[in-house]
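What follows is a short report on a single structure.
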There are 2 protein chains.
Amino acid sequence: MKFYKNEPLILLAVDCIIFGFNGESLQILLIKRGFEPEINHWSLMGGFVQPEESPEEAATRILKKLTGLENLYMEQSSIFGKPDREKYQRVVSITYFALIDTNQYQHILSDEYKAKWFPIDNYPELIFDHEEMIVSAKRLLRSKAAVYPILFELLPEKFTLPQISSLYEAVYTIDIDKRNFNRKLLSSKLLIKLNEKDKENSKKGAFYYTLNRDVYKERIMSFLRYLPSWSIQEQ
Amino acid sequence: MKFYKNEPLILLAVDCIIFGFNGESLQILLIKRGFEPEINHWSLMGGFVQPEESPEEAATRILKKLTGLENLYMEQSSIFGKPDREKYQRVVSITYFALIDTNQYQHILSDEYKAKWFPIDNYPELIFDHEEMIVSAKRLLRSKAAVYPILFELLPEKFTLPQISSLYEAVYTIDIDKRNFNRKLLSSKLLIKLNEKDKENSKKGAFYYTLNRDVYKERIMSFLRYLPSWSIQEQ
DNA sequence: GCAAAAGTGTTAACTATACACCCATGC
DNA sequence: GCATGGGTGTATAGTTAACACTTTTGC
């Protein structure tokens with residue numbers, strides 16, 4: 001039994017913004033689009049929501065198909081639905097953003113997948129409103145990361161304090177006082193110090209740390225602090 | 001010229017969660033649904049996105065039609081898109097939340113509109129996943145309001161300090177120390193003191209304030225503070 | 001032995017919190 | 001004149017921010 005007989009049907013798409021960190025700079029994964037229209041132009045990874053799947057499942061499926069990536073930190077970001085956002089046909093798109101450590105996923109740069117990493121502030125022209133999608137996702141990443149420690153998703157299993165600093169510096173394009181920042185990190189109880197040093201980047205070597213997954217999950221799950229902090233002055 | 005010929009078409013709906021504040025408690029606006037299926041059951045205000053409008057425009061149109069409300073503070077909240085979320089047919093729904101001062105909009109309770117206010121913690125059973133939508137919107141309201149002063153949308157043009165406190169107490173279900181809270185409010189530069197008192201609620205009377213719209217807009221527009229505050233411990 | 005990056009220590013300024021009292025008014 | 005809610009003041013603890021120096025090691 002069907003109702004809504006006179007209501008319009010719409011094409012519903014998902015597009016994925018995949019942020020990566022290579023130890024130095026924040027990057028974004030793009031592909032050469034494999035279907036018309038705009039075939040062979042750079043774009044976000046996207047596809048259509050199918051009848052038997054939720055939008056979230058569609059995003060997961062598409063990511064897997066186009067990059068082989070699975071089990072990512074992924075989050076719904078925004079909706080893009082102006083009637084004329086794609087030139088040819090009306091498509092409403094839901095965007096998702098995902099976070100990965102680029103070094104762990106070199107295989108997505110293989111011939112099988114036509115994906116390529118670009119610096120977040122220097123990527124080719126994209127189809128439709130995909131640039132706007134990136135800008136919006138980046139803003140969300142920043143505000144989420146200011147409250148939840150999600151940026152750890154961008155780091156390898158073992159990481160050093162200097163790596164975390166440069167990650168935050170890359171995401172917010174700021175200079176961080178490492179002395180204060182390290183102290184903050186250590187007092188967060190999120191890190192477990194390992195008895196091992198990364199000697200690649202300095203002579204002295206920096207100790208490796210790993211995430212305390214229990215504390216991490218708690219923090220990610222816990223809601224925002226509920227007391228208003230909006231009275232804080234902007235400088 | 002059309003592409004995507006083999007892609008599935010989907011019904012795309014919007015549902016609106018309207019929060020109101022009457023000076024005492026946080027409320028939510030529901031209607032008796034006017035169309036099948038589930039006609040005459042309590043539900044959020046909803047409808048379908050039409051070919052020539054964006055989802056946001058659809059939400060605006062539907063709100064106007066069902067309640068007469070216009071020019072509200074409104075924000076995209078989430079997506080509900082499980083294949084079986086409506087029993088009869090596949091519908092993906094985008095939720096929006098809106099904030100209003102209930103006293104200013106008594107007319108929506110007229111016979112013309114079948115809308116009714118309910119306390120946020122005590123409303124009738126709703127169709128489909130609408131309760132989940134409310135829970136999710138309430139969470140978003142709380143987290144947004146912890147960073148941006150959006151709750152002022154729930155207050156009348158002129159309001160008193162005690163009114164703001166009780167609004168925050170209602171939204172977060174906490175007790176607030178009025179002495180500290182007032183100081184925080186006043187130092188925020190968001191308020192302009194008027195030479196007029198509300199004598200309805202006390203003998204002494206409480207001074208009216210009004211929003212400094214310039215400062216308010218700046219705050220609403222400004223992004224989150226960019227430095228990570230996630231190292232803050234939960235108690 | 002020196003350059004280069006890692007990491008620790010100290011202080012001052014600011015914010016948040018806890019708590020107690022006076023004020024204005026209607027009855 | 002007293003009960004009621006409105007509003008101000010202060011002291012303390014905790015957090016952030018600014019700044020300088022020591023450590024380790026490869027060459």
Side-chain angles (χ1 to χ4, degrees), chain A residues 23-24 146-147 149 155 158-170 172 174-210 219 224-235, chain B residues 23-24 146-147 149 155 158-170 172 174-210 219 224-235:
Chain A
E24 281 182 13
V147 181
L155 293 169
K158 294 186 302 186
F159 47 81
T160 65
L161 296 181
Q163 276 175 326
I164 309 179
S165 312
S166 51
L167 170 55
Y168 275 85
E169 290 183 326
Y172 294 104
I174 49 170
D175 279 328
I176 286 177
D177 182 317
K178 274 84 181 170
R179 299 166 291 194
N180 290 331
F181 193 70
N182 285 359
R183 180 171 26 245
K184 204 168 178 176
L185 284 168
L186 294 171
S187 74
S188 75
K189 299 187 181 154
L190 277 165
L191 305 185
I192 298 168
K193 192 176 190 171
L194 303 180
N195 244 332
E196 202 184 338
K197 276 189 167 183
D198 162 35
K199 307 275 262 182
E200 301 246 316
N201 299 296
S202 74
K203 292 159 188 165
K204 181 175 177 183
F207 276 105
Y208 278 120
Y209 288 80
T210 189
R219 299 280 165 88
L224 282 167
R225 287 168 300 150
Y226 280 176
L227 285 173
S229 67
W230 47 258
S231 64
I232 291 164
Q233 319 267 326
E234 320 277 323
Q235 330 114 322
Chain B
E24 279 181 16
V147 182
L155 293 169
K158 295 186 301 186
F159 48 81
T160 65
L161 295 182
Q163 278 176 324
I164 310 179
S165 311
S166 52
L167 170 56
Y168 275 86
E169 289 182 326
Y172 294 104
I174 49 170
D175 279 329
I176 286 177
D177 182 317
K178 275 83 179 171
R179 299 165 291 193
N180 291 331
F181 193 70
N182 284 358
R183 180 172 28 244
K184 207 168 175 176
L185 283 169
L186 294 170
S187 73
S188 76
K189 298 187 181 154
L190 277 164
L191 304 185
I192 299 168
K193 193 175 190 171
L194 303 180
N195 245 332
E196 202 183 337
K197 276 187 167 183
D198 162 34
K199 308 274 262 183
E200 301 246 316
N201 297 297
S202 75
K203 291 158 187 165
K204 180 175 177 183
F207 275 106
Y208 278 121
Y209 288 80
T210 189
R219 299 280 164 88
L224 283 168
R225 287 168 300 149
Y226 280 177
L227 283 175
S229 67
W230 47 259
S231 64
I232 291 162
Q233 319 268 327
E234 322 276 322
Q235 324 116 325

Applying salt bridge (Lys or Arg N to Asp or Glu O under 4.0 Å), can you list everything that pairs with [X], at least two apart in sequence or on another chain?
X	answer
A/D177	A/R179
B/K204	none
A/E196	A/K158
A/K199	none

Report the distance from atom [atom1] of [X] to atom [atom2] of [N], rounded to the nearest whole Å.
X	N	atom1	atom2	result
B/I174	C/dT17	CD1	P	10 Å
A/L185	C/dA6	CG	P	14 Å
A/Y208	C/dG7	OH	P	12 Å
A/K178	D/dA18	NZ	C1'	15 Å
B/Q163	D/dG5	CD	P	15 Å
B/F181	D/dT8	CZ	C1'	17 Å
B/E200	C/dA24	CD	P	22 Å
A/F159	C/dA6	CZ	P	15 Å

Find every protein N or O atom lying less than 3.5 Å from an N or O atom of nucleotides 11-13 of chain D, and list the pairs.
none

Could you go through nucleotides 11-14 of chain C and list every protein N or O atom that sits under 3.5 Å from one of its N or O atoms, giving the distance for each pair?
none

Report task. Assess whether one donor atom and one acceptor atom, taken from the side chain of A/N182 and the base of C/dA6, lie less than 3.5 Å apart. Result ->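 By the distance-only test, no, there is no pair.
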Query raised in the report: Checking only heavy atoms, does the side chain of A/N180 share a donor-acceptor pair with the base of D/dA18 at less than 3.5 Å?
Result: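 Checked by distance alone, the answer is yes.
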Minimum-distance pair of heavy atoms, taken over all atoms of [X] and [Y]:
X	Y	result
B/P149	B/Y168	CA-OH, 4.4 Å
B/K197	B/F207	CE-CE1, 3.4 Å
A/G23	A/S166	O-OG, 3.6 Å

Query raised in the report: Relative to the 5' end of DNA chain C, which residue comes earlier, A/K193 or A/S202, by the nucleotide with the nearest heavy atom?
Result: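 It is A/S202, whose closest nucleotide lies nearer the 5' terminus.
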Report summary line: Which of B/I176, B/D175, B/I174 passes side chain to side chain contact (heavy atoms under 4.5 Å, CB included) with B/Y172? It is B/I174
Requested in this report: Only counting residues at least two apart or in another chain, list the ones meeting side chain to side chain contact (heavy atoms under 4.5 Å, CB included) with A/Q163.
Outcome: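 A/Q163 satisfies side chain to side chain contact (heavy atoms under 4.5 Å, CB included) with A/L155, A/F159, A/T160 once adjacent residues are dropped.
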Query raised in the report: For B/K203, what residues pass the side chain to side chain contact (heavy atoms under 4.5 Å, CB included) criterion, not counting sequence neighbours?
Result: none
Query raised in the report: Do B/L191 and B/I164 come within less than 4.5 Å of each other through their side chains, counting heavy atoms only?
Result: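 Of all side-chain heavy-atom pairs linking B/I164 with B/L191, at least one is under 4.5 Å.
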Requested in this report: State, yes or no, whether a side-chain contact exists between A/L190 and A/Y209 at a heavy-atom distance under 4.5 Å.
Outcome: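 The answer is no; the side chains never approach within 4.5 Å.
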Query raised in the report: To the side chain of B/K184, which of C/dA16, C/dG7, D/dG7 is closest?
Result: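 Given the options C/dA16, C/dG7, D/dG7, the side chain of B/K184 is closest to C/dA16.
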Under 3.5 Å, which N/O atoms of the protein pair with N/O atoms of nucleotides 21-24 of chain D?
{"unit_1": "D/dT23", "atom_1": "O2", "unit_2": "A/K204", "atom_2": "NZ", "d": "3.1"}

Requested in this report: Report which part of the nucleic acid B/D177 touches: base, sugar-phosphate, or nothing (heavy-atom distance under 4.0 Å, all strands).
Outcome: base
